[in-house]
Amino acid sequence: MTTDIKIVLFEDTEETQSEILAALTKHLKPDGSAIPFDGKLFKELDEDKKGMYEARIEKILQKAPFDGATLLVADRDLSKNVTSGFTGLSVNAVAAAGERLAVPICSYARQPEPDDYEWRGRWEEGHIVLRFSDGEDELARRAVVAARGFAQIAAKLPEVIAVRANNSPAKILAALLGKTEYADKIALYSVGDQNRLMGVLVKPKKSDQVRRLTHFLGYWLWDSLLRYPGLFVNEIAAASHLNLASDDFEKPKVRLVFEDAQYHGPFEDSKRPQWWRGVLDDIVSRENCADGLELIQKKVDSKAKPSQCYVDQTKTAGYYCIISRKPVSLENSKGGLSWFPRGADLTRIGNPMFEEYGPWLGA
């Protein structure tokens, strides 16, 4: 278990700050602590008028008790409480300071979020988006999942990058996940210009390089590989890919058949499990079955049902609609959007969702 995790919370409303801090502390035990950012410190620097806001935050975060933070967690609107000392501060300034220090950030909004925050990644915006609408406790739990994941990556990175063969972001991440054979598939999830990482890889033993690689790889894993089904699959996507009805895939005896494929690594979440899609395929193949349905009907339950497309239940699904979060068939969905990672070949948008959200979706 990774210890010494430190989460710094940026929240300008005292009551909400207290509730989130209590929830963070509960979920962190015994691995670390949560500390509220002191708005008065920012206000004092603001009165000095020295530097941009992000530079002032960066200066504060480099001093005790905030130094060495694993994760920043910030409300996206920090200017509501004029007596808190946060006046003029924004989540973008916090994210910019985090970028400078290579400290990852999760953001949230107490107001209802646009629907696309849940299904469209925010990797390029420089922060992970969490949902406040699920309540303070769930928000804190997910933040702790993120913090533990970044800490796990940081702890394992030195030994991984010491291996000369791990000379690209995809190879490093594959080694971190214990699946070096998937390096090429991971590379298909490339996001942004990874050439900027080459300078980090030249001298891998420096702590600054480890921090920056942790920052990059963690965001990439959370907001790309684990978000868009392809290499990994969530419960609905796994069932759809295996041609199993979701309620059949949820049964303990069925899960037991596929337990070797379950993902265990950074950002593993017991409430939101994921599976290696390739290992699921291997399990089916070893039993000489056409799909997961045949395998389960043969070994567990002869009455197991196939996965059905949510648009047309006469069709077998096989894919995952990232907006509705339902199984969908190839012919009743759209794929290959410009913001889908190339490796996310099971990720689709059901035709009804595409028609509704079309103007937002891009090509």
Side-chain angles (χ1 to χ4, degrees), residues 1-14 16-42 45 53-76 78 84-86 89 91 93-108 126-130 132 136-158 176 206-219 221-223 265-269:
M1 183 67 70
T2 303
T3 57
D4 299 325
I5 293 170
K6 184 188 292 186
I7 296 177
V8 178
L9 174 65
F10 290 76
E11 170 56 61
D12 63 337
T13 302
E14 187 174 340
T16 304
Q17 180 191 91
S18 177
E19 291 171 349
I20 295 177
L21 275 175
L24 286 170
T25 300
K26 180 185 78 171
H27 289 290
L28 271 171
K29 287 182 178 179
D31 301 329
S33 59
I35 306 168
F37 183 84
D38 189 346
K40 295 189 176 98
L41 295 175
F42 176 73
L45 284 179
Y53 284 169
E54 55 264 34
R56 299 172 197 171
I57 300 170
E58 179 186 1
K59 185 176 181 180
I60 296 170
L61 290 175
Q62 289 176 298
K63 299 178 180 179
F66 310 110
D67 57 321
T70 309
L71 182 74
L72 310 178
V73 177
D75 183 2
R76 288 203 290 275
L78 289 167
S84 67
F86 285 87
L89 191 56
V91 70
V94 177
E99 179 74 25
R100 288 175 179 226
L101 296 171
V103 180
I105 174 174
C106 294
S107 70
Y108 61 89
H127 49 96
I128 291 168
V129 175
L130 301 178
F132 190 87
E136 289 88 346
D137 189 76
E138 177 60 13
L139 182 147
R141 191 191 70 79
R142 289 286 286 165
V144 170
V145 167
R148 285 201 175 107
F150 281 106
Q152 288 166 8
I153 292 171
K156 194 172 180 181
L157 252 179
L176 275 167
K206 289 187 177 180
S207 60
D208 181 63
Q209 293 163 338
V210 171
R211 285 202 319 274
R212 296 197 177 280
L213 266 175
T214 298
H215 187 261
F216 175 87
L217 295 172
Y219 277 133
L221 178 59
W222 175 291
D223 240 3
F267 310 126
E268 175 186 357
D269 187 340

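Every value quoted in this text rests on a predicted model; they were computed, and no experiment measured them. All heavy atoms count here, side chains included; hydrogens, waters and symmetry mates do not.
One distance of note links CG of Leu61 with NZ of Lys59; it measures 12.5 Å at 0.5 Å rounding. Separation of atoms CG (Leu101) and CD (Glu54) is listed at 11.5 Å; rounding is to 0.5 Å. Between the NE2 atom in His27 and the CG atom in Asp137 there is a gap of 3.5 Å [rounded to 0.5 Å]. Ile128 CD1 to Phe150 CZ: the interatomic distance, rounded to the nearest 0.5 Å, is 4.0 Å. Note that CG of Leu24 and CD1 of Ile7 are 5.0 Å apart. Values are rounded to the nearest 0.5 Å. From Thr214, atom OG1 reaches atom CG of Leu157 across 4.5 Å, with rounding to the nearest 0.5 Å.
In terms of the salt bridge (Lys or Arg N to Asp or Glu O under 4.0 Å) criterion, residue partners of Arg142 (sequence neighbours excluded) are, by chain and number, Asp269.
For the pair Ile5/Val144, no side-chain contact is recorded, criterion being any heavy-atom separation below 4.5 Å from C-beta on. In this structure, the side chains of Glu138 and Arg141 come closer than 4.5 Å at one or more pairs of heavy atoms. Contact of the Val94 side chain with the Leu78 side chain is registered, since non-hydrogen atoms from C-beta on lie closer than 4.5 Å. Side-chain contact between Ile57 and Phe66: absent, with no pair of heavy atoms (C-beta onward) separated by less than 4.5 Å. Contact check for Phe37 versus Asp12: no side-chain heavy atoms found under the 4.5 Å cut-off. Between Leu221 and Pro266, some side-chain heavy-atom pair lies under the 4.5 Å cut-off.
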Inset, instruction - Kindly determine whether Arg212 and Asp208 satisfy salt bridge (Lys or Arg N to Asp or Glu O under 4.0 Å), including the steps that lead there. - result: CA-CA 6 Å; Arg212 296 197 177 280; Asp208 181 63; 3.4 Å; yes

Inset, instruction - Test Arg76 against Val129 for side chain to side chain contact (heavy atoms under 4.5 Å, CB included), laying out the working first. - result: CA-CA 10 Å; Arg76 288 203 290 275; Val129 175; 3.5 Å; yes

Inset, instruction - Take Arg148 and Thr70 through the side chain to side chain contact (heavy atoms under 4.5 Å, CB included) test and state the conclusion after the steps. - result: CA-CA 8 Å; Arg148 285 201 175 107; Thr70 309; over 6 Å; no

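Nearest heavy atoms, Val8 versus Ala69: CG2-CB, 3.8 Å. Across Ala93 and Tyr53, no two heavy atoms sit closer than the pair CB-CB, 4.0 Å. For the pair Leu139 and Ile20, the tightest heavy-atom approach, listed with the atom from each and the gap, is CD2-CG2, 4.4 Å. Closest heavy-atom contact between Ala146 and Cys106: CB-SG, 4.0 Å.
Residue Lys6 forms a side-chain contact (heavy atoms from CB on, under 4.5 Å) with just one option from Leu72, Asp67, Leu28, Val103, and that option is Asp67.
Using a 3.5 Å distance cut-off with no hydrogens or angles, the side chains of Glu11 and Tyr108 do pair a donor with an acceptor.
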